[in-house]
Every structure is written in structure tokens, then in C-alpha cells.
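Only one structure is covered here, and it is reproduced in the block below.
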Amino acid sequence: MGDYKDNQLAFQEAQRSTKDVMDVLNNLDVHGSGYGRQMKQLMQEIDEAFQQIESALAIASEHQRVQLEGYRSELQDVVSGIEG
């Protein structure tokens, strides 16, 4: 039972971290004076989300693994868009 709770918690943390990235991204004010600070926060959120996803993948069920890979792909798209 403990393993199930652990992988559920890890999955939820990865899910929450990915949502946090999307929230920061959607609230970026590219013309505002705080854009640099917002970008720094976005990059920190992205790094944290990637770490959460990697941790969750280590103990994920097959269904969770598919979703986590989707989250990782979303984040990679965000990074590509930033670097783009």
C-alpha cells in the first residue's frame, strides 16, 4: 500500500509542477517591466517540474508513465518556444 501512495504522491507533484509552469507561462507580461523576473521564475518552475517528472517516472504505473511523458513533452515544447 505504501508504494501505491508514494507513486500517487509523486505523480500528483509532477502534475502540479507542470500546471504551475503553464500558469506562469500564461500570465507572462512580455511588455511589462517585470518580464525578466517572470522569465526567471518560469525557468525555475520548468526545472522543478522536470525534476518532479523524473522522480515520478522512477516509480510510476504504466498509465501514469504515459501521462508523465506527455507532461515532459509539454515542458520541452515550452523550452523550445523560449529558446526559439
Side-chain angles (χ1 to χ4, degrees):
M1 184 70 168
D3 289 343
Y4 175 77
K5 282 188 175 183
D6 289 344
N7 91 357
Q8 208 38 36
L9 182 60
F11 176 80
Q12 289 170 350
E13 288 294 323
Q15 188 177 43
R16 184 172 323 136
S17 290
T18 302
K19 182 188 178 305
D20 290 348
V21 168
M22 297 307 166
D23 288 346
V24 172
L25 181 64
N26 290 330
N27 290 312
L28 275 180
D29 180 5
V30 296
H31 301 293
S33 62
Y35 179 71
R37 181 183 47 79
Q38 290 175 338
M39 283 302 295
K40 184 177 178 181
Q41 179 187 0
L42 177 61
M43 295 310 293
Q44 289 172 338
E45 294 287 347
I46 289 170
D47 288 343
E48 182 179 325
F50 274 127
Q51 290 172 12
Q52 293 289 344
I53 289 168
E54 291 305 314
S55 294
L57 280 168
I59 58 174
S61 68
E62 191 57 37
H63 177 72
Q64 289 171 332
R65 183 173 298 281
V66 170
Q67 290 181 285
L68 291 165
E69 293 291 351
Y71 296 151
R72 183 162 53 187
S73 178
E74 276 184 70
L75 293 175
Q76 287 169 336
D77 288 348
V78 169
V79 171
S80 293
I82 291 169
E83 294 174 347

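Since the structure is predicted, the reported quantities are computational estimates derived from the model, not experimental observations.
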Indicate, with yes or no, if Leu9 and Leu57 share a hydrophobic cluster defined by side-chain heavy-atom contacts under 4.5 Å among Ile, Leu, Val, Met, Phe, Trp and Tyr.
no
Is Lys19 salt-bridged to Asp23, cutoff N-O under 4.0 Å?
yes
Considering non-hydrogen atoms only, spot the tightest contact between Ala14 and Ala56 and give its length.
CB-CB, 4.1 Å
Is the closest side-chain heavy-atom distance between Gln52 and Gln15 below 4.5 Å?
no
How long is the gap from OH on Tyr35 to CG on Leu28, to the nearest 0.5 Å?
6.0 Å
With distance as the sole test, does Asn7 use its side chain to make a donor-acceptor pair with the main-chain N or O of Ala60 at under 3.5 Å?
no
Is the closest side-chain heavy-atom distance between Met22 and Val78 below 4.5 Å?
yes
Do the side chains of Val66 and Tyr71 join up, straight or via other hydrophobic residues, at under 4.5 Å, putting them in one cluster?
no
Quick one: are Leu68 and Phe11 in side-chain contact, heavy atoms under 4.5 Å?
yes
Answer yes or no: is there a side-chain heavy-atom contact under 4.5 Å between Ile53 and Glu69?
no
Taking the side chain as every heavy atom from C-beta outward, state whether Glu62 and Arg65 have any pair of such atoms under 4.5 Å apart.
yes
Is any side-chain heavy atom of Gln38 closer than 4.5 Å to one of Val24?
no
Would you compute the distance between atom CG of Asn27 and atom CG of Leu42 and round it to the nearest 0.5 angstrom?
11.0 Å
Validation row: Gln44, Glu48 side chains within 4.5 angstrom (heavy atoms):
no
What's the spacing between Thr18 OG1 and Leu75 CG if we round to 0.5 Å?
4.5 Å
Gln64 and Gln8: side chain donor to acceptor below 3.5 Å
yes
Would Ile82 and Ile46 satisfy side chain to side chain contact (heavy atoms under 4.5 Å, CB included), going step by step from the backbone distance to the final call?
CA-CA 11 Å; Ile82 291 169; Ile46 289 170; 4.0 Å; yes
